[in-house]
Chemist: 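My questions will all concern the structure given below.
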2 protein chains.
Amino acid sequence: MDLFWSRGYNRTSMRDLKDATRLNPGSLYAAFENKQGVFTESLGLYSRGLRREVESLLGGNDAPLDRIRRFFDNLVEGSHQDKESRGCLLVNTLIEAPADEPEIRAQAGEALQYVERRFETLIAEGQRDGSIQSQRPAATLARTLMTGIFGMRVYSRMPDGLDHIREIVNTLIDGTLAPRTN
Amino acid sequence: MDLFWSRGYNRTSMRDLKDATRLNPGSLYAAFENKQGVFTESLGLYSRGLRREVESLLGGNDAPLDRIRRFFDNLVEGSHQDKESRGCLLVNTLIEAPADEPEIRAQAGEALQYVERRFETLIAEGQRDGSIQSQRPAATLARTLMTGIFGMRVYSRMPDGLDHIREIVNTLIDGTLAPRTN
DNA sequence: TACCACTATGAACGGTCGTTCAAATAAAGA
DNA sequence: TCTTTATTTGAACGACCGTTCATAGTGGTA
(Lines give C-alpha, C1' and ligand atoms only; values in the text may rest on other atoms or scores of the structure.)
Protein backbone atom coordinates (compact mmCIF):
# COMPACT_ATOMS: atom_id res chain seq x y z
CA MET A 1 0.00 0.00 0.00
CA ASP A 2 2.78 2.40 0.90
CA LEU A 3 4.50 1.71 -2.38
CA PHE A 4 1.39 2.40 -4.44
CA TRP A 5 0.78 5.47 -2.34
CA SER A 6 4.26 6.87 -2.92
CA ARG A 7 4.80 5.93 -6.52
CA GLY A 8 1.38 5.25 -7.99
CA TYR A 9 0.20 2.07 -9.67
CA ASN A 10 2.20 2.20 -12.85
CA ARG A 11 5.51 3.11 -11.32
CA THR A 12 5.28 0.33 -8.77
CA SER A 13 6.61 -2.96 -10.11
CA MET A 14 6.00 -6.50 -8.95
CA ARG A 15 9.69 -6.61 -8.08
CA ASP A 16 9.17 -3.64 -5.75
CA LEU A 17 6.23 -5.40 -4.15
CA LYS A 18 8.19 -8.62 -3.82
CA ASP A 19 11.02 -6.80 -2.03
CA ALA A 20 8.68 -4.84 0.22
CA THR A 21 6.60 -7.84 1.24
CA ARG A 22 9.51 -10.30 1.24
CA LEU A 23 7.17 -12.63 -0.60
CA ASN A 24 8.49 -14.38 -3.68
CA PRO A 25 6.57 -14.09 -6.94
CA GLY A 26 4.83 -17.42 -6.50
CA SER A 27 3.56 -16.56 -3.03
CA LEU A 28 2.55 -13.09 -4.07
CA TYR A 29 0.53 -14.45 -6.97
CA ALA A 30 -0.97 -17.18 -4.79
CA ALA A 31 -2.15 -14.56 -2.31
CA PHE A 32 -3.25 -11.77 -4.64
CA GLU A 33 -3.88 -13.33 -8.06
CA ASN A 34 -1.94 -10.56 -9.83
CA LYS A 35 -0.69 -7.00 -9.56
CA GLN A 36 -4.16 -5.52 -9.75
CA GLY A 37 -5.16 -7.79 -6.90
CA VAL A 38 -2.42 -6.36 -4.72
CA PHE A 39 -3.58 -2.90 -5.63
CA THR A 40 -7.24 -3.61 -4.91
CA GLU A 41 -6.29 -5.01 -1.53
CA SER A 42 -4.16 -1.93 -0.88
CA LEU A 43 -7.06 0.35 -1.73
CA GLY A 44 -9.18 -1.65 0.70
CA LEU A 45 -6.64 -1.31 3.47
CA TYR A 46 -6.31 2.40 2.86
CA SER A 47 -10.06 2.86 2.76
CA ARG A 48 -10.55 1.09 6.07
CA GLY A 49 -7.91 3.35 7.62
CA LEU A 50 -9.59 6.44 6.20
CA ARG A 51 -12.93 5.26 7.53
CA ARG A 52 -11.52 4.86 10.99
CA GLU A 53 -9.94 8.29 10.89
CA VAL A 54 -13.09 9.94 9.61
CA GLU A 55 -15.14 8.27 12.31
CA SER A 56 -12.78 9.51 14.98
CA LEU A 57 -12.45 13.07 13.65
CA LEU A 58 -16.08 13.69 12.74
CA GLY A 59 -17.45 11.88 15.79
CA GLY A 60 -17.87 13.26 19.28
CA ASN A 61 -20.25 15.74 20.82
CA ASP A 62 -18.88 19.06 19.60
CA ALA A 63 -20.90 21.29 17.34
CA PRO A 64 -21.05 19.96 13.76
CA LEU A 65 -19.06 22.90 12.43
CA ASP A 66 -16.32 22.30 14.98
CA ARG A 67 -16.09 18.66 14.03
CA ILE A 68 -15.78 19.57 10.39
CA ARG A 69 -13.12 22.10 11.27
CA ARG A 70 -11.31 19.42 13.22
CA PHE A 71 -11.32 17.23 10.15
CA PHE A 72 -9.84 19.93 7.96
CA ASP A 73 -7.31 20.97 10.59
CA ASN A 74 -6.14 17.39 10.58
CA LEU A 75 -5.95 17.43 6.80
CA VAL A 76 -3.82 20.58 6.78
CA GLU A 77 -1.61 19.23 9.53
CA GLY A 78 -1.20 15.93 7.70
CA SER A 79 -0.31 17.67 4.46
CA HIS A 80 2.54 19.47 6.16
CA GLN A 81 3.77 16.24 7.70
CA ASP A 82 3.61 14.51 4.33
CA LYS A 83 7.22 15.09 3.31
CA GLU A 84 6.96 12.89 0.25
CA SER A 85 3.77 14.74 -0.71
CA ARG A 86 2.02 11.49 -1.43
CA GLY A 87 -1.36 13.10 -0.92
CA CYS A 88 -4.35 10.77 -0.77
CA LEU A 89 -4.10 7.36 -2.36
CA LEU A 90 -7.76 7.43 -3.39
CA VAL A 91 -7.51 10.83 -5.05
CA ASN A 92 -4.30 9.81 -6.78
CA THR A 93 -5.99 6.65 -7.98
CA LEU A 94 -9.01 8.54 -9.29
CA ILE A 95 -6.64 10.56 -11.45
CA GLU A 96 -4.20 7.86 -12.46
CA ALA A 97 -6.66 5.03 -13.09
CA PRO A 98 -7.45 4.91 -16.79
CA ALA A 99 -11.01 5.32 -17.99
CA ASP A 100 -10.88 1.79 -19.34
CA GLU A 101 -10.58 0.29 -15.86
CA PRO A 102 -13.73 1.61 -14.25
CA GLU A 103 -13.91 -0.91 -11.41
CA ILE A 104 -10.78 0.54 -9.80
CA ARG A 105 -12.05 4.06 -10.19
CA ALA A 106 -15.32 2.90 -8.66
CA GLN A 107 -13.58 1.36 -5.67
CA ALA A 108 -11.72 4.57 -4.92
CA GLY A 109 -14.84 6.61 -5.57
CA GLU A 110 -16.98 4.61 -3.19
CA ALA A 111 -14.51 4.95 -0.35
CA LEU A 112 -14.58 8.70 -0.87
CA GLN A 113 -18.35 8.75 -1.05
CA TYR A 114 -18.40 7.38 2.46
CA VAL A 115 -16.67 10.53 3.64
CA GLU A 116 -19.12 12.62 1.67
CA ARG A 117 -22.10 10.93 3.29
CA ARG A 118 -20.61 11.49 6.70
CA PHE A 119 -20.22 15.19 5.89
CA GLU A 120 -23.77 15.37 4.67
CA THR A 121 -25.41 14.09 7.85
CA LEU A 122 -23.20 16.34 9.92
CA ILE A 123 -24.09 19.36 7.79
CA ALA A 124 -27.78 18.53 7.97
CA GLU A 125 -27.45 18.50 11.72
CA GLY A 126 -25.81 21.91 11.67
CA GLN A 127 -28.51 23.24 9.39
CA ARG A 128 -31.16 22.17 11.90
CA ASP A 129 -29.59 24.11 14.74
CA GLY A 130 -28.83 27.08 12.50
CA SER A 131 -25.05 26.91 12.80
CA ILE A 132 -24.72 26.05 9.11
CA GLN A 133 -26.38 27.84 6.23
CA SER A 134 -29.57 26.35 4.86
CA GLN A 135 -29.70 28.09 1.48
CA ARG A 136 -28.42 24.96 -0.19
CA PRO A 137 -29.10 21.26 0.43
CA ALA A 138 -26.74 19.46 2.78
CA ALA A 139 -25.79 17.11 -0.04
CA THR A 140 -24.60 20.02 -2.17
CA LEU A 141 -22.59 21.52 0.66
CA ALA A 142 -21.04 18.13 1.39
CA ARG A 143 -20.06 17.73 -2.25
CA THR A 144 -18.52 21.19 -2.21
CA LEU A 145 -16.43 20.27 0.81
CA MET A 146 -15.31 17.09 -0.93
CA THR A 147 -14.31 19.15 -3.93
CA GLY A 148 -12.34 21.36 -1.58
CA ILE A 149 -10.51 18.37 -0.16
CA PHE A 150 -9.69 17.07 -3.61
CA GLY A 151 -8.56 20.49 -4.70
CA MET A 152 -6.26 20.85 -1.72
CA ARG A 153 -4.71 17.55 -2.53
CA VAL A 154 -3.73 18.96 -5.88
CA TYR A 155 -2.92 22.44 -4.67
CA SER A 156 -0.43 20.98 -2.20
CA ARG A 157 1.66 19.97 -5.19
CA MET A 158 1.76 23.45 -6.67
CA PRO A 159 4.94 25.46 -6.15
CA ASP A 160 4.69 26.79 -2.56
CA GLY A 161 1.21 25.30 -2.46
CA LEU A 162 1.58 24.06 1.09
CA ASP A 163 2.10 27.63 2.29
CA HIS A 164 -1.47 28.49 1.41
CA ILE A 165 -3.71 25.55 2.15
CA ARG A 166 -4.43 26.83 5.66
CA GLU A 167 -6.03 30.02 4.39
CA ILE A 168 -7.71 28.17 1.56
CA VAL A 169 -9.39 25.84 4.03
CA ASN A 170 -10.59 28.76 6.11
CA THR A 171 -11.97 30.54 3.07
CA LEU A 172 -13.63 27.41 1.84
CA ILE A 173 -15.28 26.32 5.08
CA ASP A 174 -16.41 29.79 5.94
CA GLY A 175 -17.70 30.55 2.46
CA THR A 176 -19.48 27.24 2.06
CA LEU A 177 -20.97 26.59 5.47
CA ALA A 178 -21.37 29.89 7.31
CA PRO A 179 -24.96 31.13 7.63
CA ARG A 180 -25.67 33.87 5.09
CA THR A 181 -27.57 36.96 6.11
CA ASN A 182 -28.82 37.95 2.68
CA MET B 1 -0.05 15.66 -26.29
CA ASP B 2 -3.37 13.93 -26.77
CA LEU B 3 -1.82 10.61 -25.89
CA PHE B 4 -0.30 11.90 -22.67
CA TRP B 5 -3.58 13.61 -21.89
CA SER B 6 -5.62 10.45 -22.34
CA ARG B 7 -3.31 7.89 -20.85
CA GLY B 8 -0.85 9.78 -18.67
CA TYR B 9 2.93 9.79 -18.94
CA ASN B 10 3.68 6.28 -17.76
CA ARG B 11 1.06 4.50 -19.79
CA THR B 12 2.14 6.24 -22.98
CA SER B 13 4.98 4.41 -24.71
CA MET B 14 7.44 5.63 -27.30
CA ARG B 15 5.84 3.16 -29.66
CA ASP B 16 2.50 4.90 -29.14
CA LEU B 17 4.15 8.25 -29.80
CA LYS B 18 5.89 6.90 -32.88
CA ASP B 19 2.59 5.63 -34.29
CA ALA B 20 0.72 8.83 -33.45
CA THR B 21 3.34 11.15 -34.92
CA ARG B 22 4.30 8.82 -37.78
CA LEU B 23 7.90 9.68 -36.87
CA ASN B 24 10.36 6.83 -36.56
CA PRO B 25 12.40 6.47 -33.38
CA GLY B 26 15.44 8.20 -34.86
CA SER B 27 13.46 11.23 -35.94
CA LEU B 28 11.55 11.38 -32.70
CA TYR B 29 14.74 11.33 -30.71
CA ALA B 30 16.37 13.87 -33.01
CA ALA B 31 13.46 16.22 -32.48
CA PHE B 32 12.76 15.71 -28.78
CA GLU B 33 15.88 14.21 -27.20
CA ASN B 34 13.87 11.58 -25.34
CA LYS B 35 10.45 10.67 -23.96
CA GLN B 36 10.56 13.34 -21.31
CA GLY B 37 11.33 15.85 -24.02
CA VAL B 38 8.17 14.92 -25.88
CA PHE B 39 6.26 15.27 -22.66
CA THR B 40 7.74 18.64 -21.81
CA GLU B 41 6.88 19.89 -25.27
CA SER B 42 3.36 18.53 -24.86
CA LEU B 43 2.96 20.34 -21.57
CA GLY B 44 4.12 23.51 -23.31
CA LEU B 45 1.62 23.09 -26.12
CA TYR B 46 -1.18 22.43 -23.66
CA SER B 47 -0.19 25.40 -21.54
CA ARG B 48 -0.21 27.75 -24.49
CA GLY B 49 -3.68 26.52 -25.40
CA LEU B 50 -4.88 27.04 -21.86
CA ARG B 51 -3.40 30.51 -21.84
CA ARG B 52 -5.26 31.43 -24.98
CA GLU B 53 -8.50 30.08 -23.62
CA VAL B 54 -8.11 31.86 -20.30
CA GLU B 55 -7.36 35.10 -22.06
CA SER B 56 -10.46 34.78 -24.17
CA LEU B 57 -12.79 33.70 -21.36
CA LEU B 58 -11.60 36.08 -18.67
CA GLY B 59 -11.12 38.99 -21.05
CA GLY B 60 -13.76 41.40 -22.30
CA ASN B 61 -15.66 44.22 -20.67
CA ASP B 62 -18.23 42.38 -18.57
CA ALA B 63 -18.22 42.64 -14.81
CA PRO B 64 -15.37 40.64 -13.22
CA LEU B 65 -17.78 38.22 -11.59
CA ASP B 66 -19.50 37.55 -14.89
CA ARG B 67 -16.19 36.81 -16.55
CA ILE B 68 -15.27 34.40 -13.80
CA ARG B 69 -18.66 32.77 -14.15
CA ARG B 70 -18.08 32.48 -17.87
CA PHE B 71 -14.84 30.67 -17.19
CA PHE B 72 -16.48 28.18 -14.86
CA ASP B 73 -19.46 27.69 -17.17
CA ASN B 74 -16.99 26.76 -19.85
CA LEU B 75 -15.26 24.37 -17.49
CA VAL B 76 -18.52 22.61 -16.62
CA GLU B 77 -19.53 22.48 -20.27
CA GLY B 78 -16.15 21.08 -21.23
CA SER B 79 -16.28 18.43 -18.52
CA HIS B 80 -19.55 17.14 -19.93
CA GLN B 81 -18.11 17.07 -23.42
CA ASP B 82 -15.05 15.22 -22.20
CA LYS B 83 -16.29 11.71 -22.94
CA GLU B 84 -12.94 10.11 -22.11
CA SER B 85 -12.86 12.11 -18.86
CA ARG B 86 -9.30 13.12 -19.51
CA GLY B 87 -9.66 16.13 -17.26
CA CYS B 88 -6.82 18.65 -17.31
CA LEU B 89 -3.39 17.53 -18.44
CA LEU B 90 -1.69 19.86 -15.97
CA VAL B 91 -3.69 18.66 -12.99
CA ASN B 92 -3.16 15.06 -14.01
CA THR B 93 0.56 15.74 -14.30
CA LEU B 94 0.72 17.38 -10.90
CA ILE B 95 -0.70 14.18 -9.43
CA GLU B 96 1.11 11.64 -11.57
CA ALA B 97 4.54 13.27 -11.66
CA PRO B 98 6.70 11.72 -8.96
CA ALA B 99 8.18 13.86 -6.22
CA ASP B 100 11.64 13.00 -7.52
CA GLU B 101 11.05 14.81 -10.79
CA PRO B 102 10.32 18.30 -9.54
CA GLU B 103 11.02 20.14 -12.78
CA ILE B 104 8.01 18.56 -14.45
CA ARG B 105 5.80 19.33 -11.51
CA ALA B 106 7.12 22.88 -11.62
CA GLN B 107 6.32 23.26 -15.30
CA ALA B 108 2.73 22.17 -14.78
CA GLY B 109 2.48 24.28 -11.64
CA GLU B 110 3.69 27.44 -13.35
CA ALA B 111 1.20 27.12 -16.15
CA LEU B 112 -1.55 26.85 -13.57
CA GLN B 113 -0.20 29.78 -11.61
CA TYR B 114 -0.75 31.90 -14.67
CA VAL B 115 -4.47 31.18 -14.38
CA GLU B 116 -4.33 31.96 -10.69
CA ARG B 117 -2.71 35.34 -11.30
CA ARG B 118 -5.34 36.14 -13.90
CA PHE B 119 -8.05 35.34 -11.38
CA GLU B 120 -6.36 37.47 -8.77
CA THR B 121 -6.29 40.69 -10.80
CA LEU B 122 -9.87 40.12 -11.85
CA ILE B 123 -10.97 39.56 -8.27
CA ALA B 124 -9.09 42.64 -7.11
CA GLU B 125 -11.00 44.61 -9.72
CA GLY B 126 -14.28 43.23 -8.44
CA GLN B 127 -13.31 44.07 -4.89
CA ARG B 128 -12.72 47.67 -5.87
CA ASP B 129 -16.21 48.08 -7.32
CA GLY B 130 -17.79 46.13 -4.46
CA SER B 131 -19.11 43.26 -6.55
CA ILE B 132 -16.75 40.82 -4.84
CA GLN B 133 -16.23 40.43 -1.12
CA SER B 134 -13.24 42.21 0.41
CA GLN B 135 -12.99 40.29 3.68
CA ARG B 136 -10.12 38.29 2.30
CA PRO B 137 -7.20 39.22 0.02
CA ALA B 138 -7.71 38.73 -3.70
CA ALA B 139 -4.79 36.30 -3.72
CA THR B 140 -6.53 34.07 -1.21
CA LEU B 141 -9.80 34.11 -3.10
CA ALA B 142 -7.95 33.31 -6.32
CA ARG B 143 -6.23 30.37 -4.68
CA THR B 144 -9.56 29.13 -3.40
CA LEU B 145 -11.00 29.26 -6.89
CA MET B 146 -8.02 27.33 -8.20
CA THR B 147 -8.57 24.73 -5.52
CA GLY B 148 -12.17 24.53 -6.66
CA ILE B 149 -11.08 23.93 -10.24
CA PHE B 150 -8.65 21.22 -9.18
CA GLY B 151 -11.27 19.64 -6.98
CA MET B 152 -13.82 19.56 -9.79
CA ARG B 153 -11.29 17.85 -11.99
CA VAL B 154 -11.16 15.06 -9.44
CA TYR B 155 -14.84 15.11 -8.55
CA SER B 156 -15.72 14.59 -12.21
CA ARG B 157 -14.18 11.14 -11.90
CA MET B 158 -16.31 10.15 -8.93
CA PRO B 159 -19.28 7.89 -9.60
CA ASP B 160 -22.00 10.20 -11.01
CA GLY B 161 -19.65 13.07 -10.26
CA LEU B 162 -20.48 14.89 -13.47
CA ASP B 163 -24.11 15.16 -12.39
CA HIS B 164 -23.13 17.51 -9.60
CA ILE B 165 -20.34 19.77 -10.72
CA ARG B 166 -22.80 22.42 -11.89
CA GLU B 167 -24.21 22.93 -8.40
CA ILE B 168 -20.76 22.62 -6.87
CA VAL B 169 -19.50 25.45 -9.04
CA ASN B 170 -22.43 27.64 -8.08
CA THR B 171 -21.92 26.94 -4.40
CA LEU B 172 -18.22 27.57 -4.66
CA ILE B 173 -18.33 30.82 -6.61
CA ASP B 174 -21.13 32.23 -4.58
CA GLY B 175 -19.63 31.20 -1.25
CA THR B 176 -16.17 32.41 -2.11
CA LEU B 177 -16.75 35.65 -3.98
CA ALA B 178 -20.16 37.04 -3.02
CA PRO B 179 -20.03 40.11 -0.76
CA ARG B 180 -20.79 39.15 2.85
CA THR B 181 -23.08 41.27 4.96
CA ASN B 182 -21.73 40.22 8.33
C1' DT C 1 25.43 14.99 -63.47
C1' DA C 2 28.17 14.42 -59.32
C1' DC C 3 28.67 15.58 -54.86
C1' DC C 4 27.42 16.67 -50.30
C1' DA C 5 25.00 17.75 -46.05
C1' DC C 6 21.04 16.40 -43.98
C1' DT C 7 17.13 13.64 -42.56
C1' DA C 8 14.41 9.41 -42.31
C1' DT C 9 14.39 4.54 -41.57
C1' DG C 10 13.71 0.46 -38.81
C1' DA C 11 16.35 -3.40 -36.99
C1' DA C 12 18.47 -4.23 -32.84
C1' DC C 13 19.99 -3.62 -27.84
C1' DG C 14 19.99 -4.29 -22.93
C1' DG C 15 16.82 -3.87 -19.44
C1' DT C 16 12.57 -4.41 -17.01
C1' DC C 17 7.86 -5.63 -17.03
C1' DG C 18 4.06 -8.97 -15.23
C1' DT C 19 3.64 -13.71 -14.82
C1' DT C 20 4.40 -18.86 -14.66
C1' DC C 21 5.92 -23.22 -12.89
C1' DA C 22 8.84 -27.17 -11.75
C1' DA C 23 11.42 -28.17 -7.94
C1' DA C 24 12.58 -27.67 -2.97
C1' DT C 25 10.95 -27.18 1.56
C1' DA C 26 7.74 -27.25 5.37
C1' DA C 27 3.53 -28.78 7.80
C1' DA C 28 0.05 -31.96 8.78
C1' DG C 29 -1.85 -36.52 9.19
C1' DA C 30 -1.40 -41.54 9.80
C1' DT D 1 8.47 -42.24 11.33
C1' DC D 2 6.61 -42.10 6.80
C1' DT D 3 3.41 -40.29 3.53
C1' DT D 4 0.67 -36.73 1.84
C1' DT D 5 -0.69 -32.10 1.25
C1' DA D 6 0.57 -27.03 1.32
C1' DT D 7 3.52 -23.60 0.81
C1' DT D 8 7.75 -21.31 -0.65
C1' DT D 9 11.35 -20.66 -3.80
C1' DG D 10 13.63 -18.41 -7.62
C1' DA D 11 14.90 -19.32 -12.35
C1' DA D 12 12.87 -18.56 -16.59
C1' DC D 13 9.47 -16.73 -20.15
C1' DG D 14 7.74 -13.78 -23.73
C1' DA D 15 6.50 -9.12 -24.25
C1' DC D 16 7.40 -4.55 -24.21
C1' DC D 17 10.10 -0.67 -22.46
C1' DG D 18 13.15 3.55 -23.81
C1' DT D 19 16.95 4.23 -26.70
C1' DT D 20 20.75 3.78 -30.29
C1' DC D 21 22.84 3.68 -34.74
C1' DA D 22 24.39 1.94 -39.21
C1' DT D 23 22.18 2.41 -43.45
C1' DA D 24 19.17 4.29 -47.08
C1' DG D 25 17.15 8.08 -49.02
C1' DT D 26 16.41 13.05 -50.15
C1' DG D 27 17.14 17.88 -51.59
C1' DG D 28 20.19 21.41 -52.61
C1' DT D 29 24.57 23.14 -54.70
C1' DA D 30 28.34 23.26 -58.08
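Protein chains get the first letters and strands the later ones, always in sequence-line order, with residue 1 at the start of each. Remember, it's a predicted structure, so these values are computed and weren't measured experimentally.
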Chemist: Ring centres of A:F71 and A:F119 under 6.0 Å apart?
Modeler: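 Between A:F119 and A:F71, which both carry aromatic rings, the centre distance is below 6.0 Å.
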
Chemist: Starting from C1' on D:dG25, measure out to CG on B:N24 and report it in whole angstrom.
Modeler: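 So the two atoms are 13 Å apart, to the nearest Å.
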
Chemist: Look only at the side chain of A:N34 and the backbone of A:Q36, and say whether a donor-acceptor pair between them is shorter than 3.5 Å.
Modeler: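 Confirmed, A:N34 side chain pairs with A:Q36 backbone.
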
Chemist: Detail all sub-3.5 Å separations between protein N/O atoms and N/O atoms belonging to nucleotides 16-20 of chain C.
Modeler:
{"from": "C:dG18", "atom 1": "OP1", "to": "A:T12", "atom 2": "O", "distance (Å)": "3.4"}
{"from": "C:dG18", "atom 1": "OP1", "to": "A:K35", "atom 2": "NZ", "distance (Å)": "2.6"}
{"from": "C:dG18", "atom 1": "OP2", "to": "A:M14", "atom 2": "N", "distance (Å)": "2.6"}
{"from": "C:dT19", "atom 1": "OP2", "to": "A:Y29", "atom 2": "OH", "distance (Å)": "2.9"}
{"from": "C:dT19", "atom 1": "OP2", "to": "A:K35", "atom 2": "N", "distance (Å)": "3.0"}
{"from": "C:dT19", "atom 1": "O5'", "to": "A:Y29", "atom 2": "OH", "distance (Å)": "3.1"}

Chemist: Tell me whether the count of non-hydrogen atoms from other residues, nucleotides or ligands lying under 6.0 Å of CD in B:E55 goes above 12.
Modeler: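 Enclosed.
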
Chemist: For A:D62, does its backbone N or O pair with a side-chain atom of A:R67 as donor and acceptor, under 3.5 Å?
Modeler: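 Yes; at least one donor-acceptor contact below 3.5 Å.
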
Chemist: In the structure I gave you, are the side-chain heavy atoms of B:T147 and A:T171 within less than 4.5 Å of one another anywhere?
Modeler: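 With C-beta onward as the side chain, the pair stays apart.
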
Chemist: Measure the distance from CG on B:L23 to P on C:dG10 and round it to the nearest whole Å.
Modeler: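 Value for this atom pair: 12 Å.
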
Chemist: For A:Y9, is the NZ or CZ atom of A:K35 found under 6.0 angstrom from the centre of its six-membered ring and inside 45 degrees of the ring axis?
Modeler: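 Yes, A:K35 sits over the ring of A:Y9.
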
Chemist: Tell me the interatomic distance from A:R22, atom CZ, to D:dG10, atom P, rounded to whole angstroms.
Modeler: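 Atom-to-atom, A:R22 to D:dG10, this comes out as 14 Å.
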
Chemist: In whole angstrom, give the distance that lies between atom NZ of A:K18 and atom C1' of D:dT8.
Modeler: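 Atom-to-atom, A:K18 to D:dT8, this comes out as 13 Å.
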
